[in-house]
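Computed over heavy atoms, backbone and side chain alike; hydrogens, waters and symmetry mates excluded. Throughout, residue positions are numbered sequentially from 1 according to the sequence presented. Since we're looking at a predicted model, the values are computed, not measured. Counting starts at 1 for both ligands and their atoms, following the listed order.
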Amino acid sequence: MIHKKTALKKTASKPSGYTTLRGMKDMFGQEGELFQYIYEAGKKIASAYGFGYIETPVLEQAQLFIRSIGKGTEVVDKEMYVFEDKDGSRVCLRPEMTASIARAYINNGMQSMPQPVKLWYFASMFRHDRPQAGRYRQFHQFSCETLGEHNPVVDAELIVVAYNMLRDLGINSMVKINSIGTLQDRENYLVELVGYLKSKRSYLSEDSKKRITKNPLRVLDSKLEQDIAVVEEAPQIIEWLSGDSKKFFMSVLEYLDEAGVPYVLTPTLVRGLDYYTDTVFELYPESEEEGSQSALVGGGRYNGLVEQLGGQATPAAGFSMGIERVMHVLKKSMSTEQQDQALKKGGVFFAQLGEQARKRSLYLLEELRRAGLLVQHNLAKSSLKAQLELANKCGSTHTLILGQKEVQDGTILIRNMESGIQEVVDQKKITNAVRKLLGE
Ligand code: HAM
């Protein structure tokens with residue numbers, strides 16, 4: 001028979017042989033708090049602008065994304081987690097969710113709901129990319145999508161939401177914006193662009209050479225110096241826009257001026273997904289110290305997508321914010337104190353002392369919860385000192401203290417954490433007292 005103590009000791013010192021997969025990570029503690037803090041900020045701003053929450057499956061038919069995002073894009077050609085399901089069908093972990101939204105719009109008959117349909121989501125995406133700073137294989141996006149309206153104010157509103165959400169989080173961002181016109185505009189432009197790129201072929205990088213025939217627009221946002229020199233002289237898509245697209249784009253810019261959102265016209269911005277039409281935009285951290293070269297937000301109009309997937313012609317636009325990238329910027333730009341401040345829950349802590357008090361605590365905590373009042377606590381802790389330290393860590397302004405004596409006489413102490421002054425309150429009045437402390 002194995003001696004219990006020895007067995008325990010052995011397992012405790014042995015590290016797990018399993019690790020997370022490359023490009024994927026656990027989030028907990030301070031990072032977990034930061035994640036939720038951003039989630040709450042997203043939820044708040046999306047509700048304020050009238051977006052309704054949507055959840056869609058993580059697993060979808062692979063073809064949905066191949067059709068939407070397009071062959072020849074990095075995401076479809078290299079990054080999708082595709083595999084065969086047990087019934088032999090080709091499924092994949094969603095690399096993004098705009099295609100899922102267009103599918104859900106069609107499947108759920110949303111075209112017969114009052115238009116536009118405004119949806120938000122906060123969800124994990126999967127791309128088998130080369131992991132590096134701010135680039136993961138499983139990452140999260142906060143997104144807003146507006147379907148059923150072709151109006152420049154929709155595009156402007158989406159940019160305003162993304163811009164203000166970042167500002168609320170303390171990140172100054174820069175909006176890069178362009179228009180890539182209608183599918184027809186783009187076809188005309190592509191003839192011109194391909195002709196130009198072919199004439200400069202020998203100056204281009206090997207990757208860009210391949211893209212001339214595969215996906216010439218991608219050459220425009222190459223980060224390689226030799227390509228940049230060629231791209232600077234390339235014909236600009238804005239010159240090829242139809243009258244309507246030009247007018248639409250000008251209106252988007254006017255709305256942004258009106259809303260006080262600064263932007264930079266960026267003729268080379270074309271985005272890496274095929275479904276875009278007209279407005280495309282990306283948001284970057286304003287200062288170099290705040291982040292890297294990677295976009296915090298990407299979005300644009302996708303007027304053709306719903307129809308392409310078998311629905312009625314439905315104009316639409318949206319954006320997605322990369323949560324890990326936002327977290328990266330926040331971690332770099334905020335001092336530890338600022339992070340503590342932002343994440344501090346404040347409010348009230350509940351401390352108990354002695355076995356009887358611990359038992360009574362469960363009852364009282366439930367009473368508070370039913371009244372909609374949330375208080376921090378850690379029932380596993382026995383010492384008052386440890387619990388008061390925890391209360392301080394949580395930034396609690398007050399701590400309720402329940403000891404043996406209080407259990408017996410039906411009272412509870414309320415301690416002001418700053419002054420240390422304590423007052424005695426009848427347990428029956430605890431909900432009212434806590435409500436007052438929380439300012440509710
Ligand atoms: P996207 O540009 O592919 O657009 O992604 C949007 C944002 O997600 C990026 O700006 C970035 O912050 C974040 N992101 C992308 N890939 C990664 C990664 N591997 N690791 C960490 N973060 C990443 C879309 O996904 C479109 N669905 C956006 C959209 C919504 N367009 C219209 N509606």
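Within 6.0 Å of CD on Gln312 lie no more than 12 heavy atoms contributed by other residues, nucleotides or ligands.
Side-chain contact between Leu119 and Phe51 is absent, with no heavy atoms from C-beta onward closer than 4.5 Å.
Using a heavy-atom distance under 4.0 Å as the criterion, the protein contacts of ligand 1 are Glu96, Thr98, Arg127, Gly134, Arg135, Tyr136, Phe139, Gln141, Glu145, Arg271, Leu273, Tyr275, Tyr276, Ala295, Leu296, Val297, Gly298, Gly299, Gly300, Tyr302, Gly318, Phe319, Ser320, Gly322, Arg325.
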Checklist entry - Does the pair Ser222 and Arg211 meet the rule for a side-chain hydrogen bond (donor to acceptor under 3.5 Å, both in side chains), with working shown? => result CA-CA 10 Å; Ser222 164; Arg211 286 183 181 131; 5.4 Å; no
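The ring of Tyr196 has its center no closer than 6.0 angstrom to the ring center of Tyr189.
When each of His140, Glu55, Glu145 is checked for a side-chain hydrogen bond (donor to acceptor under 3.5 Å, both in side chains) with Tyr121, only Glu145 meets the rule.
Under the 4.0 Å criterion applied to side-chain N and carboxylate O atoms, Asp129 and Arg137 are not assigned as salt-bridge partners.
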